[in-house]
Amino acid sequence: MAIKALKGTKDIFGDEVKNLEKIENIIREVCKNFGVGEIRTPIFELTHLFQRGVGNTTDIVQKEMYSFIDKGENNITLKPESTAAVVRAYLEHNMGENAQPTKLYYLSPTFRYERPEAGRLRQFHQFGVEIFGASSAIADAEVISIAYTMLKRLNINNVSLHINSLGGPQCRAKYNEVLKEYLASKKDLLCPLCNERRIKNPLRVLDCKNPDCQKLFVDAPRTIDSLDKECKDHFELLKDLLTKMDIPYIVDSQIVRGLDYYTKTVFEFILEGKNYSGTVCGGGRYDRLVEEIGSKPVPAVGFGTGIERLLIAYLEENKNLELDKRDIFIGYRGNLALEKAVVLVNNLREKKFNADTDLLGRSVKAQMKYANKIGVKFAAIIGDTELETQMLSIKNMATSEESKVSFVDLEAFLLNN
RNA sequence: GUGGAAAUAGCUCAGUCGGUUAGAGCGCCAGAUUGUGGUCCUGGAGGUCGUGGGUUCGAUCCCCAUUUUCCACCCCA
């Protein structure tokens, strides 16, 4: 019985790897431009960390974690998101003592036990940014700008930015009262799920996808109407900065986010695609999370994005992408020529050219076919004549043009072409 | 976790009202005056028809179970 990859997991190879590499390169470049440094935290942490950090009432913690007891009887969980782990590392290494703010990004495998579908696997990859130690909306704007810049450089244009503000603890408490009252007045019309949430976590009710419920919410109280002056100013500054940076946004009171730790700003980039529609990137401010996990309060803001979803969006907008071409293929005919080809190719590789030769001892024709398939710019065959004259006849694969080049001038030729 | 559809070659899929050697296109390998790719032509390799059981003289096809994938919910990135 053949062994196959587990449900919700997959092997990544071929063009997919090349595309992912491109995306990752753009991500790293954007982070560099914004002065954001990378952090790599372990793949697993104590389960307790996520229970505290993500929130015990969330679906992620309640039913989607890969948890197990290791041989030392520690309760371990494969990370279902990275923010809690980054916060743990921030506190553990006293990063708050360094020059502030602390700007970190991660690019990490992430695990959630869910029903897999397109753009959602059980092992997936997340890219995210966290900025610690900056309470001003300037940081919120910068975080959004990072995500926006990344999407733009990936040529993903069919997304829209939705922003909202949940306010601080006081505003949220106030809002919860108003909302509860409002929802109670509608309880006979709400679906069973909404009525359950109405008691436990009223904010989540607004997230209900039931169209009948949504109709009721048109005149529901909005979080932004319950903001105190500080939170309101914060939100106004954010909107102002986004406008000044030419980042278009929609204020959307339905954006409440699924994780408990958000305060003030929340946002999502929502994709309208053929193969996938939905949130491709989401985040916000979480001023109370660091205190929740550690002891001292540290303001923080960040976002997370699923690389697989990013890839779907990227492929929709970038149909005929040119994958990197190898520079030269050097084939051979005969044993002496074989040795010469291997040596030449090896020398070129040492000089950091991309060079390839035939490993199967095929006919000249087959070697040329191979050169064509792997997509080299140039191809040449070494035979008796070439060995005698020490000259190569290099063929430009795109134009069929041939150039005579001596063995010693090979590097110079490649540099100039 | 709920509901629905699907699973046949490396890929995309046909097909058999249940019958002997299961097909196509693409891809792969090889030929077309034994030293040159891309188009065209010819040939070849490659499948225990997802897995296990049942019905049957006989199952890739019908039935049951199971696994996986996809879609819609739920939730999220």
Side-chain angles (χ1 to χ4, degrees), chain A residues 1-10 13-15 54 57-64 79-83 106-128 147 191-194 196-197 201 204 207-211 255-259 267-271 275-283 302-313 329-334 337 358 360 362-387 392-400 402:
Chain A
M1 175 83 150
I3 297 174
K4 293 184 175 175
L6 287 171
K7 177 175 184 163
T9 68
K10 67 183 291 200
F13 57 94
D15 284 355
V54 182
T57 62
T58 60
D59 275 17
I60 292 180
V61 168
Q62 283 187 345
K63 42 190 196 192
E64 295 175 3
K79 53 179 157 181
E81 60 101 47
S82 293
T83 299
Y106 57 85
L107 205 48
S108 164
T110 310
F111 305 83
R112 284 184 207 171
Y113 192 87
E114 290 184 281
R115 189 89 154 236
E117 42 179 275
R120 179 210 285 188
L121 293 172
R122 288 180 171 180
Q123 174 175 345
F124 59 106
H125 298 79
Q126 272 195 327
F127 156 60
C191 71
L193 185 69
C194 281
E196 198 179 306
R197 281 183 179 160
N201 191 353
R204 304 288 296 142
D207 235 8
C208 183
K209 299 295 186 295
N210 186 325
I255 301 289
V256 295
R257 309 288 303 147
L259 289 80
F267 67 90
E268 294 184 9
F269 284 90
I270 299 176
L271 179 77
N275 298 315
Y276 174 76
S277 287
T279 303
V280 74
C281 172
F303 71 83
T305 177
I307 301 288
E308 283 79 0
R309 289 184 181 181
L310 220 47
L311 177 63
I312 294 174
F329 173 88
I330 301 178
Y332 53 84
R333 184 181 138 78
D358 181 56
L360 304 184
R362 285 180 283 207
S363 70
V364 168
K365 190 185 196 83
Q367 293 186 50
M368 287 303 290
K369 266 186 153 172
Y370 175 70
N372 184 55
K373 265 172 223 154
I374 61 175
V376 290
K377 271 164 88 177
F378 300 105
I381 299 289
I382 303 179
D384 294 341
T385 329
E386 287 77 12
L387 286 176
L392 273 177
S393 175
I394 298 181
K395 188 167 189 170
N396 182 321
M397 297 300 274
T399 62
S400 287
E402 302 219 6

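We name chains A, B, ... by the order of the sequence lines, and we start the count at 1 in each one. FYI, side chains are in, hydrogens and waters are out, and symmetry mates aren't considered; it's all heavy atoms of this structure.
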Enquirer: If we count only N and O atoms by modelled type, under 3.5 Å, do the side chains of A/Q123 and A/T9 hold a donor and an acceptor together?
Expert: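 Looking only at side-chain atoms, A/T9 and A/Q123 do not form any donor-acceptor pair under 3.5 Å.
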Enquirer: Kindly compute the distance separating NZ (A/K369) from CG (A/D358), expressed to the nearest 0.5 Å.
Expert: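 Here the rounded value is 13.5 Å.
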Enquirer: Looking at every strand, decide which applies to A/G14 at a 4.0 Å heavy-atom threshold: base, sugar-phosphate, or nothing.
Expert: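 Answer is nothing: A/G14 stays at 4.0 Å or more from every strand.
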Enquirer: Quick one: does A/S363 reach the base of B/G35 with a side-chain donor-acceptor pair under 3.5 Å?
Expert: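 Counting by modelled atom types and ignoring angles, no donor-acceptor contact under 3.5 Å is found here.
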Enquirer: Establish, with yes or no, whether the OP1 or OP2 oxygen of B/U68 is under 4.0 angstrom from a side-chain nitrogen or oxygen of A/K7.
Expert: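 For B/U68, OP1 or OP2 has a side-chain N or O of A/K7 closer than 4.0 Å.
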Enquirer: Remember a base hit wins even if backbone is also touched, and classify A/E114 as base, sugar-phosphate or nothing at under 4.0 Å, heavy atoms.
Expert: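 If one applies the 4.0 Å heavy-atom cut-off, A/E114 turns out to touch a base.
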Enquirer: When the distance from CD1 of A/I255 to C1' of B/A77 is rounded to whole Å, what number comes out?
Expert: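 One finds 13 Å between C1' of B/A77 and CD1 of A/I255, rounded.
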Enquirer: Between the base of B/G38 and the side chain of A/N372, is there a donor and acceptor pair under 3.5 angstrom?
Expert: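 Under the 3.5 Å cut-off, the side chain and the base do not form any donor-acceptor pair.
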Enquirer: Once you apply the 3.5 Å cut-off to both distances, tell me the Watson-Crick or G-U wobble partner of B/A7, or none.
Expert: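 Looking at the geometry, B/A7 pairs with B/U67.
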Enquirer: What's the NZ-P distance between A/K10 and B/U68, to the nearest Å?
Expert: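 It works out to 17 Å between those atoms.
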Enquirer: Give one of base, sugar-phosphate or nothing for A/K365, where a contact means two heavy atoms less than 4.0 Å apart.
Expert: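 Since a base atom lies under 4.0 Å of A/K365, the category is base.
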Enquirer: Give none if B/G1 has no partner; otherwise give the nucleotide forming a Watson-Crick or G-U wobble pair with it, both distances under 3.5 Å.
Expert: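 Partner of B/G1: B/C73.
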Enquirer: Is there a donor and acceptor pair closer than 3.5 Å between the side chain of A/E386 and the base of B/G35?
Expert: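 Pair found.
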Enquirer: Verify, without hydrogens or angle tests, whether A/T305 (side chain) and A/V280 (backbone) share a donor-acceptor contact under 3.5 angstrom.
Expert: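 Checking the backbone N and O of A/V280 against the side chain of A/T305, a donor-acceptor pair under 3.5 Å is found.
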Enquirer: Indicate, yes or no, whether a donor-acceptor pair under 3.5 Å links the base of B/U2 to the side chain of A/R115.
Expert: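 Indeed there is one.
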Enquirer: Identify which nucleotide among B/U69, B/A77, B/G37 has an atom closest to any side-chain atom of A/M397, counting heavy atoms from C-beta outward.
Expert: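 Nucleotide nearest to A/M397's side chain: B/G37.
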Enquirer: When the distance from CZ of A/R362 to P of B/U36 is rounded to whole Å, what number comes out?
Expert: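 Distance check: A/R362 CZ to B/U36 P gives 16 Å.
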Enquirer: Regarding A/A380, tell me which of base, sugar-phosphate or nothing describes its non-hydrogen contacts under 4.0 Å with the strands shown.
Expert: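 Since no nucleic acid heavy atom lies under 4.0 Å of A/A380, the category is nothing.
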Enquirer: Can you tell me the distance, in whole Å, between the CZ atom of A/F111 and the C1' atom of B/A77?
Expert: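 Whole-Å distance recorded here is 15 Å.
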Enquirer: A/I374 CD1 to B/G37 C1': how many Å, rounded?
Expert: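 Checked: the CD1 to C1' distance equals 11 Å.
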Enquirer: Contact class for A/G119 (heavy atom, under 4.0 Å): base, sugar-phosphate, or nothing?
Expert: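 The residue A/G119 makes base contact.
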Enquirer: Less than 4.0 angstrom between a side-chain N/O of A/K373 and OP1 or OP2 of B/C28, yes or no?
Expert: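 Checking A/K373 against B/C28: at least one side-chain N or O falls below 4.0 Å of OP1 or OP2.
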Enquirer: Just to be sure I understand the rule, does A/G383 reach a base, reach only the sugar-phosphate, or reach nothing, if contact means heavy atoms closer than 4.0 Å?
Expert: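 Result for A/G383 = base.
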Enquirer: NA contact type, A/A313, heavy-atom cut-off 4.0 Å: base, sugar-phosphate, or nothing?
Expert: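 Answer is nothing: A/A313 stays at 4.0 Å or more from every strand.
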Enquirer: Using atom C1' of each nucleotide, how far apart are B/U36 and B/G25 to the nearest Å?
Expert: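 It comes out at 29 Å once rounded to the nearest Å.
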Enquirer: Compute both the distance and the angle, then confirm whether A/R122 meets the cation-pi test with A/Y113: under 6.0 Å from the six-membered ring centre, within 45 degrees of the axis.
Expert: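 Because its charged atom sits under 6.0 Å from the ring centre and within 45° of the axis, A/R122 does stack over A/Y113.
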Enquirer: Can a donor-acceptor pair under 3.5 Å be found between the side-chain atoms of A/K395 and the base atoms of B/G37?
Expert: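 By the distance-only test, yes, there is a pair.
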Enquirer: Which nucleotide, B/C71, B/G38, B/U36, lies nearest any side-chain atom of A/S400?
Expert: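 When the side chain of A/S400 is considered, B/G38 is the closest of B/C71, B/G38, B/U36.
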Enquirer: Could you give the distance from CD (A/Q367) to CZ (A/R362), rounded to the nearest 0.5 Å?
Expert: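 If we round to the nearest 0.5 Å, A/Q367:CD and A/R362:CZ are 7.0 Å apart.
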Enquirer: If you only use heavy atoms from C-beta on, which nucleotide in B/U36, B/C73, B/A77 is closest to the side chain of A/I381?
Expert: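 For A/I381, the side-chain atoms sit closest to B/U36.
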Enquirer: Is the aromatic ring of A/F124 within stacking range of B/A77, meaning centres under 5.5 angstrom and planes under 30 degrees?
Expert: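 Yes, A/F124 stacks on the base of B/A77.
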Enquirer: Can you tell me if A/E308 uses its side chain to pair, donor with acceptor, with the backbone of A/H125 under 3.5 Å?
Expert: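 Flag set: sc A/E308 to bb A/H125 pair under 3.5 Å.
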